[in-house]
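Keep in mind that the numbers below use all heavy atoms, side chains included, and drop hydrogens, waters and symmetry copies. Chain A is the first sequence line, chain B the second, and so forth, proteins listed ahead of strands; every chain is numbered from 1.
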Protein chains: 4
Amino acid sequence: MDQSNHRIHQGGKAEEQETRERILAAARQLMAQKGYKGATTRKISELAGVNEVTIFRHFKNKERILVELLEEMTEIRPALDQALRTEWGDVKSLLVHYAQTYYYALVERKEVLIICLIEAANHPEVFNLLSRMPHLAVDMLEQKLRELQEEGQLPEGDFCAAANMFVATFFHTFMAKHWVKVDCEIDEPKLFESTAEILLRGIGGR
Amino acid sequence: MDQSNHRIHQGGKAEEQETRERILAAARQLMAQKGYKGATTRKISELAGVNEVTIFRHFKNKERILVELLEEMTEIRPALDQALRTEWGDVKSLLVHYAQTYYYALVERKEVLIICLIEAANHPEVFNLLSRMPHLAVDMLEQKLRELQEEGQLPEGDFCAAANMFVATFFHTFMAKHWVKVDCEIDEPKLFESTAEILLRGIGGR
Amino acid sequence: MDQSNHRIHQGGKAEEQETRERILAAARQLMAQKGYKGATTRKISELAGVNEVTIFRHFKNKERILVELLEEMTEIRPALDQALRTEWGDVKSLLVHYAQTYYYALVERKEVLIICLIEAANHPEVFNLLSRMPHLAVDMLEQKLRELQEEGQLPEGDFCAAANMFVATFFHTFMAKHWVKVDCEIDEPKLFESTAEILLRGIGGR
Amino acid sequence: MDQSNHRIHQGGKAEEQETRERILAAARQLMAQKGYKGATTRKISELAGVNEVTIFRHFKNKERILVELLEEMTEIRPALDQALRTEWGDVKSLLVHYAQTYYYALVERKEVLIICLIEAANHPEVFNLLSRMPHLAVDMLEQKLRELQEEGQLPEGDFCAAANMFVATFFHTFMAKHWVKVDCEIDEPKLFESTAEILLRGIGGR
DNA sequence: AATGAATGAGAATTCATTCAT
DNA sequence: TATGAATGAATTCTCATTCAT
């Protein structure tokens, strides 16, 4: 949009934007590592390679940085939606793909997610952002399973519990690998597959 | 209240212990609510109803409080062990009981667990404490399932993935309810049952 | 009242009070010299000979220091009242004494008054404190003159304007000598006398 | 507005002067309202509608703005001189007119005067500016009264005290109305008249 | 054993000012 | 000439911790 049409001199808008990004990147990393309080403006400025005060020229105050970061955590729904909409031939493929989509969505949002988890208690508005993700993932999957059942591809069953199990598994894995960083090697593709299989059989899907 | 003057060293030990407990309780609550940094010594002392300095007579420094709290997080193994050792008649009952045991073990350790989750990044020694629990729970369940299979009560299957799903589900639920405090009402007993059923069928257990 | 009855050990209450006083004195002096903003907590602490943080143990924040100082500026009414109530034999003596009372009341409140004058614009609550003094002095004098007239000791006249002139003269002198510190030597006793005489004759008082 | 590009150095001088004036006006207003420190360069630039840095192209530093403002406070002598030189028929008219002249001279210089009053302590060079006005007004009036006495229009008297009273009254009124903004309504013309009358009678002028 | 006073290190933030463009 | 970005110094205030009682 505002791609500084002419760029007569390289400085200006582009450079400003870059400084801004550097500050955000530094804050993202530090807050995920040390929490909101632990990521002091001094440390952020040092990591970003700018003067501490420069932060305050770009963001009204420290909290604004957090807000800006949280806004990065855009809606996950479209991705999940597409995963469910695609025709996969069989239900297992659908589940595997859904698992992938959800898991990598979490991984993509890794830092900000961790910030959310840590700051959930102190910044109440973070709650929604945070809880919405698993909640939505469960709801959407449950809904899909119900549809499949109506189409006759699945017998009846407790789809709510099933969806919950499925989503929980990948959130748990995400946490283990990217937050607590458990050292056990996890083979994600295999996990997607196995989990999908167990779930599918668990709800009588074959 | 102020009768300490007269009690010349009598019961001093008990009273001292009580003060200590009050400080720990206050710190436990505040750190779970606001994180390590957010739980200032001032706030802790106020909540504990003692003078701020008194904290430092009982604990070398603030970090020692954290360490002490973390040490509260006793081994979960004995409880799980007992759940698995009991004769339940059928596998489903076993699973339901295992789920209960694990879930309520988490709930019991709620505050300290949350502190661990929040401070995982800052206090590396917390890592082990934190990761050990789910890891152990998965391992033990996997082992048990394998035994059941050897006993002919279960067909072959990916018991690792299965155990992982099972444990993940309850950790996820624990987080939703006790940390992020998602407002959806969760009916735990029903969840234990449904999850156990799905898992059991998923691994061909009937 | 709370004169630390026993004073078993000299520290404690008495010493704390002294620190408090030292901080107030330093703030009083600096704020009168440099205004509220100019009197930084650092400078105050240095002049008071305490650590900067100690200030915040005694006063919630910097503004509280100002408020506390302003509260020093006690009611001027009783003094003026007594001056008017005393029997002086003649009106001139009354006026001279009233002048003295008002003038030295201002001088006594010198620093705080100057702080008020400087900060009137920024701290609206200071307005009242500040304006009340001359206003009250004029009102009370006007009232007295009216009484004297009713008693037949004075002819009729514009007592409001007269009282205003009288009070203004001494406020002006106070400012010249204690604030702007005009170097011209002012002989106050003589000024009181001359001003009283002129006023008295001006309202036909002899 | 943004047509400066085209105007190649034409009228630059005039425009520059205007910017300068806008900065001075903003500073004058803000410093009178909030004092020197309270009038930050940011606020000045915003009120003046210019970029903050532009201020420093016009004035070496913030202090120079103050100095420039103080220089605005032109001599009051010519106005007072003329008031005294005019033939008024009677002394009372002379006094009334002198009062008017002095009072409105103060009002005209209102902002800068207030700045002087507030900053007197911090900026010693302001002292003279500030004290000169009342001092001069008293001196000139005293001198005139003495002349009138020599001309036989007045009996002998303490003209110094008289002039002081007169001048003080109007300075006091000026302060009440334009600085501390006491809410009592003041009817200036009536005040001039009454004060002149009282003074005149007070020095035996009729 | 417990407490009130005191403090050094460091937090976020504001300010006047300089540097490039 | 004017401006947007950047900054060093300083400000108010908080925190964990020590000292003296």
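Checking B:Gly49 against D:Lys37, the closest nucleotide of DNA chain E that is more toward the 5' end is the one next to B:Gly49. Residue-to-nucleotide proximity on DNA chain E shows that, of D:Lys60 and A:Lys60, the 5′-proximal contact is made by A:Lys60. Toward the 5′ end of DNA chain F lies the nearest nucleotide of A:Val53, the other residue of the pair A:Val53 and C:Lys62 mapping further downstream. The nearest heavy atom of DNA chain F to A:Val50 and to B:Lys43 marks one nucleotide each, and the one closer to the 5' end goes with A:Val50.
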Does the pair A:Ile118 and B:Leu117 meet the rule for a side-chain contact (heavy atoms from CB on, under 4.5 Å), with working shown?
CA-CA 8 Å; A:Ile118 294 176; B:Leu117 285 165; over 6 Å; no
Before you tell me yes or no, could you show the steps for A:Leu66 and A:Phe59 under side-chain contact (heavy atoms from CB on, under 4.5 Å), namely the whole-Å CA-CA distance, both residues' side-chain angles and the distance that decides it to 0.1 Å?
CA-CA 10 Å; A:Leu66 180 61; A:Phe59 304 90; over 6 Å; no
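The nearest whole Å value for the distance from the CZ atom in B:Arg42 to the C1' atom in F:dC13 is 11 Å. If you measure from atom CD of C:Glu63 to atom P of F:dT12, you get 12 Å, rounded to the nearest angstrom. The separation between C:Asn51 atom CG and F:dA16 atom P is 17 Å, rounded to whole Å. Separating the CD1 atom of D:Ile23 from the P atom of E:dT17 is a distance of 13 Å, rounded to the nearest angstrom. As a whole-Å value, the separation of D:Ile65 CD1 from E:dC15 P is 15 Å. Residue C:Phe56 contributes atom CZ, which lies 17 Å from atom P of E:dA11 at whole-angstrom precision. What separates CZ of A:Arg57 from P of E:dC19 is a distance of 16 Å, to the nearest Å. When the C1' atom of E:dA11 is taken as reference, atom CD of A:Glu46 falls 14 Å away, rounded to whole Å.
Each of E:dA16, F:dT17, E:dA2 was ranked by its minimum atom distance to the side chain of D:Thr41; first place goes to E:dA16. For B:His58, the side-chain atoms get nearest to E:dA2 when compared with the rest of F:dG4, F:dT18, E:dA2. Set against F:dT3, F:dA16, F:dT12, the side chain of C:Glu52 has F:dT12 as its closest nucleotide.
Distance alone, capped at 3.5 Å, is enough to place a donor-acceptor pair between the A:Tyr36 side chain and the A:Glu63 backbone.
Side-chain contact between D:His58 and D:Leu24 is absent, with no heavy-atom pair separated by less than 4.5 Å.
In a base pair of the Watson-Crick type (N1 to N3 plus N6-O4 or O6-N4) or a G-U wobble (N1-O2 and O6-N3), with each distance short of 3.5 Å, E:dA20 is matched with F:dT3. Across all strands shown, E:dA1 remains unpaired; no Watson-Crick or G-U wobble contact has both distances below 3.5 Å. When both distances must be under 3.5 Å, the Watson-Crick or G-U wobble mate of F:dG8 is E:dC15.
Note on A:Asn61: every side-chain N or O is 4.0 Å or more away from OP1 and OP2 of E:dA12.
In this structure A:Arg109 satisfies the salt bridge (Lys or Arg N to Asp or Glu O under 4.0 Å) test with no other residue, sequence neighbours excluded.
Across all strands shown, C:Thr54 has heavy atoms under 4.0 Å from base atoms, whether or not it also approaches the sugar-phosphate.
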